[in-house]
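By convention in this document, chain letters (A, B, ...) are assigned in the order of the sequence lines, proteins followed by strands, and residues within each chain are numbered from 1. In this text, all values refer to a predicted model and were calculated from it rather than measured experimentally.
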Amino acid sequence: GQNIDQPTEMTATEGAIVQINCTYQTSGFNGLFWYQQHAGEAPTFLSYNVLDGLEEKGRFSSFLSRSKGYSYLLLKELQMKDSASYLCAVRDGDYKLSFGAGTTVTVRA
Amino acid sequence: GAVVSQHPSRVICKSGTSVKIECRSLDFQATTMFWYRQFPKQSLMLMATSNEGSKATYEQGVEKDKFLINHASLTLSTLTVTSAHPEDSSFYICSARDLAGREAFFGQGTRLTVV
């Protein structure tokens, strides 16, 4: 099985940077995903890491260290619309995704 | 990205009735689809993995006779909640993986309320 941990809540100011950490312990590893989910909606794909290092995509970046079982999602130049839940998910060898409980990010003016 | 369409988006049904939820991949063929359930303020919990042309694989604790899954084609999987009860009220979401094994794409989700 998978054990995925991420903080429950984070608050930041508009225009600031927030880093959401995710640690995992898995029986098999085939990639790590980050998703954004607004209340009452389905998750939307943000990023995918399968090799160590940083993947940058606009205001969002994601980092992975497989040896440490660690990833983070970096949100820059925060906007009010970024207030949402951010889900860390690990894919195993059978392509099944296991999700963390999610981190609720609140952006304040 | 690839498009996965889920229908209906919301449904209210009476206790004891059955509800069918459809998940379609619109612009790609999905060999595997996944069904998740999400309770308020909780993360997604995988219910079952649906493979085209074969029986679904259910996660531990999920009743296969209650949650019937059919994956008759490469573009359609259905989840039927049979004899629904109020505790089945939840947000049900499907996702799909294409033939090339690209990352799963999610449907819009179905909010089921059993009264």
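Nearest heavy atoms, Phe29(A) versus Asn49(A): CZ-O, 4.3 Å. Here the shortest heavy-atom pairing between Lys81(A) and Arg59(A) reads CE-NH2, 4.0 Å. The shortest heavy-atom contact between Asp52(A) and Arg66(A) is OD1-N, 2.8 Å. Tyr86(A) and Phe60(A) get closest at one heavy-atom pair: OH-CZ, 4.4 Å. Here the closest heavy-atom approach between residue Phe63(A) and residue Ser71(A) is recorded as O-OG, 2.7 Å. Pairing each heavy atom of Ser90(B) with each of Arg37(B), the nearest pair is OG-CG, 3.0 Å.
Proximity to chain A among residues 108-115 of chain B is limited to Gln108(B), Gly109(B), Arg111(B), judged by heavy-atom separations below 4.5 angstrom. The stretch residues 43-51 of chain B places Ser43(B), Leu44(B), Leu46(B), Thr49(B) near chain A, each with some heavy atom under 4.5 Å from a heavy atom of that chain. Scanning residues 101-109 of chain A against chain B with a 4.5 Å heavy-atom cutoff picks out Ala101(A), ordered by number. For residues 64-84 of chain B, an interface with chain A (any heavy-atom pair closer than 4.5 Å) does not exist.
Between Thr31(B) and Glu52(B) there is no side-chain heavy-atom pair separated by less than 4.5 Å. Using a 4.5 Å cut-off on side-chain heavy atoms (C-beta onward), Glu55(A) and Ser47(A) make no contact. Contact check for Ile93(B) versus Gln6(B): side-chain heavy atoms found under the 4.5 Å cut-off. Residues Leu51(A) and Leu64(A) fail the side-chain proximity criterion, which asks for heavy atoms closer than 4.5 Å.
Put simply, OG1 on Thr23(A) and CG on Asn3(A) are 7.5 Å apart, with the number rounded to the nearest 0.5 Å. How far SG of Cys22(A) is from CZ of Phe99(A): 11.5 Å, rounded to the nearest 0.5 Å.
Salt-bridge formation is detected for the pair Arg24(B)/Glu22(B): a Lys NZ or Arg NE/NH1/NH2 atom is positioned less than 4.0 Å from an Asp or Glu carboxylate oxygen.
At a 4.5 Å heavy-atom cutoff, the contact between Gln38(B) and chain A is made by side-chain atoms alone. Looking at Gln60(B), neither its backbone nor its side chain comes within 4.5 Å of chain A, counting heavy atoms on both sides.
Tracing side-chain contacts under 4.5 Å through hydrophobic residues (I, L, V, M, F, W, Y), one reaches Phe34(B) starting from Leu87(A); they form part of the same cluster.
Distance alone, capped at 3.5 Å, places no donor-acceptor pair between the Asn30(A) side chain and the Arg91(A) backbone. Within the 3.5 Å criterion, the main-chain N or O of Leu46(A) finds a donor-acceptor partner in the side chain of Lys57(A).
Close placement of the Phe106(B) and Tyr35(A) rings is indicated, their centers lying within 6.0 Å of each other.
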